[in-house]
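Remarks on the structure that follows.
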Amino acid sequence: MRQGRPVQTELLQALQDKITRLTINLEKMKLAEYVDLLHNTPRLLWVNFISGIARGLGIAIGFALLGAVVILILRKIVTLNLPVVGNFIADIVDIVQAQLESRKY
């Protein structure tokens, strides 16, 4: 029986250490704050609304920059005077330029 006590104490200590590590990991995950957010519906809606606006704005800016770069590349290709590709790209650039000029800001 005496040999059982040290083994039991070691097992309890190991269990205590694992519980402590689990507690620390749960705190790092901020699980309590997440659960509080799920129970607070207006705050959850507000956070999702703001994140949706940020995503939409990022997509719009990224698409505009990507489109501008593509048009610049197409203009450079047109200046190379490639026979078939040059005419096709020139038509696309003219259409885009006409659309841009027709808009009144």
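Nothing fancy with the numbering, it's 1 onward along the sequence.
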Check: Out of curiosity, does L65 fall in the hydrophobic cluster containing L72 (side-chain heavy atoms, cut-off under 4.5 Å, transitive links)?
Finding: no
Item checked: Same apolar cluster: V93 and I73, side chain cutoff 4.5 Å -> yes
Check: Out of T20, N25, I19, L26, which residue meets the side-chain contact (heavy atoms from CB on, under 4.5 Å) rule with T23?
Finding: I19
Check: Is the backbone N or O of L44 less than 3.5 Å from a side-chain atom of N48, with the two atoms forming a donor-acceptor pair by type?
Finding: yes
Next item on the list: State yes or no: do F63 and V96 share one hydrophobic cluster built from I, L, V, M, F, W and Y residues joined by side-chain heavy-atom distances below 4.5 Å, directly or via other members?
Entry: no
Check: Can you tell me how far NZ of K18 sits from CD of Q16, rounded to the nearest 0.5 angstrom?
Finding: 13.0 Å
Margin query: Apply side chain to side chain contact (heavy atoms under 4.5 Å, CB included) to residues Q97 and R75 and explain how you reach the verdict.
Written below: CA-CA 11 Å; Q97 288 296 328; R75 281 186 179 175; 2.3 Å; yes
Check: Roughly how far apart are L45 CG and R43 CZ, rounded to 0.5 Å?
Finding: 12.0 Å
Next item on the list: Give the cluster check for L22 versus M29: same hydrophobic cluster or not, with ILVMFWY residues linked at side-chain heavy-atom distances below 4.5 Å.
Entry: yes
Item checked: Point-to-point distance, once rounded to the nearest 0.5 Å, from CD1 of I53 to CD1 of I50 -> 5.0 Å
Check: What distance separates L31 CG from D36 CG, expressed to the nearest 0.5 Å?
Finding: 9.5 Å
